[in-house]
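Only one structure is covered here, and it is reproduced in the block below.
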Amino acid sequence: MAIRKIGFIGCGQMAQSIINGMITYGGYSPEQIQATAVSEETINYVTDKFGIHMGQDNKKVAAESDILYLAVKPYLYQDVIEEVRSQVREETIIVTIAVGVTLREMASLFSQNTKVVRTMPNTPAFVGEGMTVYSPNSNLTEKDIEDVQQLFSSYGKAEMVKESLMDSVPGVSGSSPAYVYLFIEAMADGAVKQGIPRELAYELATQAVYGAAKMVKETGLHPGELKDQVTTPGGATIRALSSLEEDGFRGAVIRAMDHCFKK
Ligand SMILES: NC(=O)C1=CN([C@@H]2O[C@H](COP(=O)(O)OP(=O)(O)OC[C@H]3O[C@@H](n4cnc5c(N)ncnc54)[C@H](OP(=O)(O)O)[C@@H]3O)[C@@H](O)[C@H]2O)C=CC1
Ligand SMILES: O=C(O)[C@@H]1CCC=N1
C-alpha cells in the first residue's frame with residue numbers, strides 16, 4: 001500500500017514537528033495530511049501555519065488515513081484508541097510515538113491483526129533532522145516496512161530496532177535534544193558572564209554544537225579523538241575539561257539518562 005493519506009490524532013509539539021518536516025523537507029503535500037486537536041487555538045494555529053486539514057473528529061481522521069499517528073500524551077492512548085478503533089481499516093498502519101506504550105499493549109487495545117509501528121521520534125524533525133527509532137509488529141509486510149522507513153526518513157534519519165531496546169531510546173534520542181538545548185543555554189550564559197553580548201553568545205554556542213556534531217558524523221572519528229585535537233597540552237581547553245570532569249559532567253549525563261529510562 002502506498003502511503004497517500006497521513007493522519008494525526010493530536011497535533012502538539014511532536015506532531016507539528018513531524019508535519020513541518022514532512023512538508024518542507026519530505027515533499028509531502030499539506031492536502032495529504034489531516035490532524036485533530038481539542039482547542040480552537042491549536043486548530044487555528046496549525047491550519048494557518050501548515051495548511052493541513054484540521055478538526056476535532058478523531059473518527060474521521062482514523063477512517064481516512066493510510067497511516068495514523070497517535071500523537072497524544074501516553075495517558076490518553078487508551079481513551080483515544082477506544083474512540084477510533086472501529087474506524088481503523090485493516091490495511092491502515094498505526095504509528096505510536098508515546099514513551100513506554102508497547103506493541104503488546106497496542107495489540108490488546110486494537111486487535112491482534114492491526115498493523116502497528118512503535119516509534120520514538122524527536123523534535124528536530126521540524127528542520128528535517130529528526131531521528132525516528134522504530135519497531136514494527138509482525139503484521140507489517142516487507143513493503144509496509146519499506147513505506148514507513150521512507151516516510152520516517154522524509155523528516156530525518158530512521159533506524160529499525162528490536163522492541164526490547166525501545167525503552168532505552170528516549171534517553172539518547174527522543175528526550176536528548178532538551179539536554180543539548182540546556183548545554184547551549186549554559187554555554188551562552190558562560191559567555192555572557194565573560195562579557196560577550198547575548199545574541200553573539202547564542203550564535204557561538206550553537207555553531208560549536210552544530211559543527212562538533214557534523215565533525216563526528218562526517219569524519220567518522222571517535223569523539224575522544226576529536227576532543228584530543230582541540231586540547232593543547234597545558235592549554236586552555238584541558239582546564240575546561242578537567243573542571244567538567246571534577247563536576248561529574250559525564251556521570252551527570254549518564255545518571256540523567258537512567259532517570260529517563262526508569263520513567
Ligand atoms: N515533545 C517531544 O519532544 C516528544 C514527544 N513524544 C510523544 O509525543 C506525544 C505527544 O507529545 P507532545 O506533542 O509533546 O504533546 P502536546 O501536549 O504538545 O500535544 C498533544 C496534542 O494532543 C491533543 N489532544 C489532547 N487530547 C486529545 C484528544 N482526545 N483527541 C485529539 N487530540 C487530543 C492536544 O490538543 P490541544 O493542542 O488542543 O490541547 C495537543 O494538540 C506523547 O505521547 C509524547 O510521549 C515523543 C517524542 C518526543
Ligand atoms: O518528555 C517526554 O516524555 C517526551 C518523550 C520524549 C520527549 N518528550
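Both counts, for ligands and for their atoms, begin at 1 and track the order of listing. All values derive from a computational prediction rather than experimental measurement.
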Within the protein, residues bringing a heavy atom under 4.0 Å of ligand 2, chain by chain: Val99, Gly174, Ser175
Structural part of [X] in contact with ligand 1, heavy atom criterion under 4.0 angstrom:
X     : result
Asp79 : neither
Ile43 : neither
Ala71 : backbone
Thr42 : side chain

Co-membership, hydrophobic cluster, residues Val99 and Tyr134, 4.5 Å side-chain: no
In the protein, what heavy atom is nearest to [atom], and what distance, to one decimal place, separates them?
atom                    : result
atom 42 (C) of ligand 1 : Val72 O, 3.3 Å
atom 39 (O) of ligand 1 : Ser39 OG, 4.3 Å
atom 30 (N) of ligand 1 : Asn58 ND2, 3.0 Å
atom 13 (O) of ligand 1 : Met14 N, 2.9 Å
atom 47 (C) of ligand 1 : Pro121 O, 3.4 Å
atom 23 (C) of ligand 1 : Gly10 CA, 3.7 Å
atom 18 (O) of ligand 1 : Gln13 N, 2.9 Å
atom 6 (N) of ligand 1  : Ile97 O, 3.7 Å

Enumerated ligand 1 atoms positioned under 4.0 Å from heavy atoms of [X]:
X     : answer
Ala98 : 43 (O), 45 (O)
Val38 : 24 (N), 25 (C), 26 (N), 27 (C), 28 (C), 33 (C), 35 (O), 36 (P), 38 (O)
Leu76 : 25 (C), 26 (N)
Val99 : 45 (O)

Distance flag for atom 34 (C) of ligand 1, protein heavy atom under 4.0 Å: no
Judged on heavy-atom distance to [atom], which of [options] sits nearest?
atom                    : options                    : answer
atom 14 (O) of ligand 1 : Met120, Lys73, Glu40       : Lys73
atom 3 (O) of ligand 1  : Thr123, Ile9, Thr132       : Thr123
atom 29 (N) of ligand 1 : Val84, Thr36, Leu70, Val80 : Val80

Would you say the side-chain atoms of [X] pair up with the backbone N or O of [Y], donor to acceptor, closer than 3.5 Å?
X      : Y      : value
Glu105 : Thr102 : yes
Thr123 : Met14  : no
Ser29  : Glu31  : yes

Non-hydrogen side-chain atoms of [X] and [Y] separated by less than 4.5 Å:
X      : Y      : result
Ile18  : Pro121 : yes
Leu103 : Met166 : no
Ile52  : Phe8   : no
Tyr25  : Val127 : yes
Ile145 : Gln150 : no

Parallel, tilted or perpendicular: rings of Phe50 and Tyr45 (30°, 60°): perpendicular
Plane angle bin for Tyr69 and Tyr155 - parallel if under 30°, tilted between 30 and 60°, otherwise perpendicular: tilted
Crowding at CZ, Arg104 (>12 non-hydrogen neighbours, <6.0 Å): no
Audit row: Met22, Leu151, side chain to side chain contact (heavy atoms under 4.5 Å, CB included) steps and yes/no: CA-CA 8 Å; Met22 280 175 179; Leu151 180 69; 3.8 Å; yes
